[in-house]
Each structure stands twice: as C-alpha cells, then as structure tokens.
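Heads up, the thing below is written out as structure tokens.
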Amino acid sequence: MTAHPAGSRDIVVGIDPDRNWHLALAWAADEAQRRRLPLRLVLAVPPRHHTHHVDDATDRTALRQAGSDRLDHALHWVHDRHPEVSVTGDLVDGPPAHVLGGAAKDARLIVLGSRHLSRAAEIFSAGSLVVPVTAQARCPVVVVGDAEHISLQPPFVVAGIDGSASATAALDYAFDEADLRGAALRVVLVWQRLPIMPDDEKTALRAQRALLSEATAGLSGKYPDVHVTHEVLTGHPVEELARAAEHALAVVVGRRGQGGYTGMRVGSVVHGLLHRAHCPVITVPTG
C-alpha cells in the first residue's frame, strides 16, 4: 500500500445503507489515491423510532447486518479500484448527520453523496444529512450528486469568490485541487446589479476585476502550472456558478459568503449549489 505522510488525517466518505454509494465512493477513493491519504468509510445505523415494538431487537440486528454487508462490499470495491489506498470501514450506531458530523472533526476531507431530494422526512435526504454535516464540519466537504463532467478539454475546476474570508480559503483549495489533477482553474465572481445602478457601471466592473486579480496573484505564483482564467459574471450567484460549472470537475466555494443573516453557518449560495449544481460541490470553511 502507498505510504501517507505521518500525522496526516484521512478522507472520510459516508456510505448510504439504502441508495447507490458508488459515485461518492469513487470520488473519495480517487482523491485518496491522488493525495496519498488513507480512506475511511463510515456507515451509520440510525436508531429505531418505535423502540417499544416487540421486534425492535430483531430489526436492529437485521439493520446492523445489512449495514455490515454493504460496508464490506464497499471496502472490496475500493480495494479493486485502488489496491494501493489504505482503507478502513466503521459501522456506527446513531443518526447519520450526527455520526458523520463527528467523523468530520478529525478528517482531512469528508465526502457525501446527494440524492437531489427535498423531502425532509427522508432520513438520508440532502436536507437532513448534507446540509447539517456541511454546516458543522471543520474540514472541506464534498457533495457528489452526479458523475464528473469531463466532456470539455482541458478539464477545469471552478472557484467562486466574493471577497470574503471563506472565499479566500476556497480559492486556495481550488488551486491545490486543480494542480493535483493537472486541470485549469476558472475563477468566477458573480456580480449582482443593484436596482438603481451607479452612474459609472464600468468603474464598478473594473473594481470587481481588480478584486479577482488581487485574489489570485499570490496563488498563481505558488501554482505556476495551473492555467487560470478570471471572469466577472452578472446575475444570480447560484445560477451563474452552476452554469459556469456545468462541465467542470468540481465547483469550489467558501462555506459562508458575505450575504445572509448573521449566524448562518452555510450561506445561501452553498444551499443553492448543493441542489442546483450537477458536478461535485466542494465547500471550504474559513481558516
């Protein structure tokens, strides 16, 4: 197996016990291979809601056995895909969001699958798992809803920035990801016109372009092999970023932007991209 740097943390991927886990696991396994990091598979066995039912013990045993079988299948699948990756599996009792949120505390990266569903009643839906884990994780979180789109050459990663501290952290991560993959980087700033625009719109646009150049200046020197383009787009941030990333390997954004209400741990742009983007969405916390 490939050695990984001493003290490095692992990549954690959540295994859904009910739905297809292959897309998220493939992304995580490939990333572990690229970064030479260990991979940890976590499958949460949720608590039963009707604990007084006479068959609860039997149901619980059946749930754990089914989860164990699924986890073993996933472990063998990773071994077949990347034999050199060090991989382990954990079967944990508890609500999935709580279990995976806890696993994220010591992770280098956490990878989740998304069903693109909106029914909050489903325990593994995007609303009850992806958003809470994304909000509380101290590490970057990757949400994989569809396969990577690599129909355009050369392949590229999209980074959305807005001048915030979290966007700065996201841009740093996006450079690293693009460099690791040998991909180009498309840095996008989405500008929303005010209902009443200032007299000199050109001046405002120049200021946005200057912000892009300043944000990437130091990082371009750090990653000289990454081809970088800058774009100022006009419109709704979610729609424009999703459109820009339609054929991207991933879209990378900060977990909190400048907008929204005080105390929100996941910005509205992140919420929107988690449901709108079809490529993997990587959210990066500040610092």
Side-chain angles (χ1 to χ4, degrees), residues 1-13 22-41 78 81-87 104 106-113 134 137-161 166-188 215-230 241 244-255 273 277-287:
M1 292 183 180
T2 301
H4 51 85
S8 64
R9 296 177 293 171
D10 50 13
I11 293 176
V12 172
V13 57
H22 290 84
L23 288 176
L25 185 55
W27 199 100
D30 292 350
E31 191 74 357
Q33 190 273 336
R34 281 189 290 265
R35 293 186 178 274
R36 301 178 71 235
L37 289 173
L39 181 65
R40 178 157 60 106
L41 282 53
V78 173
R81 187 179 182 91
H82 291 300
E84 71 279 16
V85 170
S86 172
V87 57
D106 299 318
R108 173 76 173 270
L109 180 70
I110 187 161
V111 183
L112 304 172
T134 299
R138 297 175 184 175
C139 63
V141 176
V142 185
V143 178
V144 182
D146 295 287
E148 289 181 343
H149 295 213
I150 53 174
S151 57
L152 295 185
Q153 294 296 332
F156 65 95
V157 172
V158 169
I161 72 167
S166 61
T168 300
L171 184 59
D172 198 353
Y173 193 92
F175 263 97
D176 188 57
E177 189 70 19
D179 186 58
L180 194 67
R181 291 165 172 262
L185 179 62
R186 184 178 178 186
V187 185
V188 175
T216 60
L219 290 169
S220 292
K222 183 180 177 181
Y223 297 98
D225 295 330
V226 177
H227 177 68
V228 184
T229 57
H230 304 145
L241 281 172
E246 185 175 359
H247 299 285
L249 293 172
V251 57
V252 186
V253 291
R255 196 155 297 161
L273 283 175
H278 291 289
C279 69
V281 177
I282 305 175
T283 62
V284 182
T286 304

If I compare all heavy atoms of [X] with all of [Y], which pair ends up nearest, and what's the gap?
X: Pro140; Y: Pro285; answer: N-CD, 3.8 Å
X: Ile110; Y: Ala104; answer: CD1-CB, 3.9 Å
X: Ala107; Y: Val12; answer: CB-CG2, 3.7 Å
X: Ala29; Y: Val85; answer: O-CG2, 4.2 Å
X: Ala245; Y: Val158; answer: CA-CG2, 4.0 Å
X: Ala178; Y: Leu185; answer: CB-CB, 4.3 Å

Next on the checklist: Does Glu177 form a side chain to side chain contact (heavy atoms under 4.5 Å, CB included) with Arg35? I'd like the steps, not just the answer.
Outcome noted: CA-CA 10 Å; Glu177 189 70 19; Arg35 293 186 178 274; 2.9 Å; yes
Item to check | Salt-bridge criterion met for Arg181 and Asp30 (N-O under 4.0 Å) | outcome: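 No, Arg181 and Asp30 are not salt-bridged.
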Next on the checklist: Nearest 0.5 Å, please: how far is NZ in Lys222 from CG in Asp172?
Outcome noted: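 One finds 4.5 Å between CG of Asp172 and NZ of Lys222.
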Next on the checklist: For the NE2 atom of His227 and the CZ atom of Phe156, what is their distance to the nearest 0.5 Å?
Outcome noted: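 Going from the NE2 atom of His227 to the CZ atom of Phe156 covers 11.5 Å.
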Item to check | Counterpart residues, side chain to side chain donor-acceptor pair (under 3.5 Å), relative to Arg186 (two or more places apart) | outcome: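 Arg186: side chain to side chain donor-acceptor pair (under 3.5 Å) contacts with Glu231.
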Item to check | Heavy-atom side-chain contact between Thr283 and Val281 under 4.5 Å | outcome: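 Yes - at least one pair of side-chain heavy atoms lies under 4.5 Å apart.
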Checklist entry - Could you go step by step and tell me if His82 and Val87 meet the side chain to side chain contact (heavy atoms under 4.5 Å, CB included) rule? => result CA-CA 10 Å; His82 291 300; Val87 57; over 6 Å; no
Next on the checklist: The criterion is side-chain contact (heavy atoms from CB on, under 4.5 Å); which residues satisfy it with Thr216, sequence neighbours excluded?
Outcome noted: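 Once residues adjacent in sequence are excluded, the partners of Thr216 under the side-chain contact (heavy atoms from CB on, under 4.5 Å) criterion are Leu171, Phe175, Val187, Ser220, His230.
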Item to check | Verdict with supporting geometry, Glu31 and Leu109, side chain to side chain contact (heavy atoms under 4.5 Å, CB included) | outcome: CA-CA 10 Å; Glu31 191 74 357; Leu109 180 70; 3.9 Å; yes
Checklist entry - Please walk me through it: do Leu25 and Leu39 pass side chain to side chain contact (heavy atoms under 4.5 Å, CB included)? => result CA-CA 10 Å; Leu25 185 55; Leu39 181 65; 4.3 Å; yes
Checklist entry - Any sub-3.5 Å donor-acceptor pair from Arg255's side-chain atoms to Ala137's backbone N or O? => result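 Yes, because the side chain of Arg255 sits within donor-acceptor range (under 3.5 Å) of the backbone of Ala137.
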Next on the checklist: My understanding is that only residues two or more places apart in sequence, or in another chain, count here; which of them pass ring-ring contact (aromatic ring centres under 6.0 Å, His included) with His22?
Outcome noted: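 Listed in chain order: Trp77.
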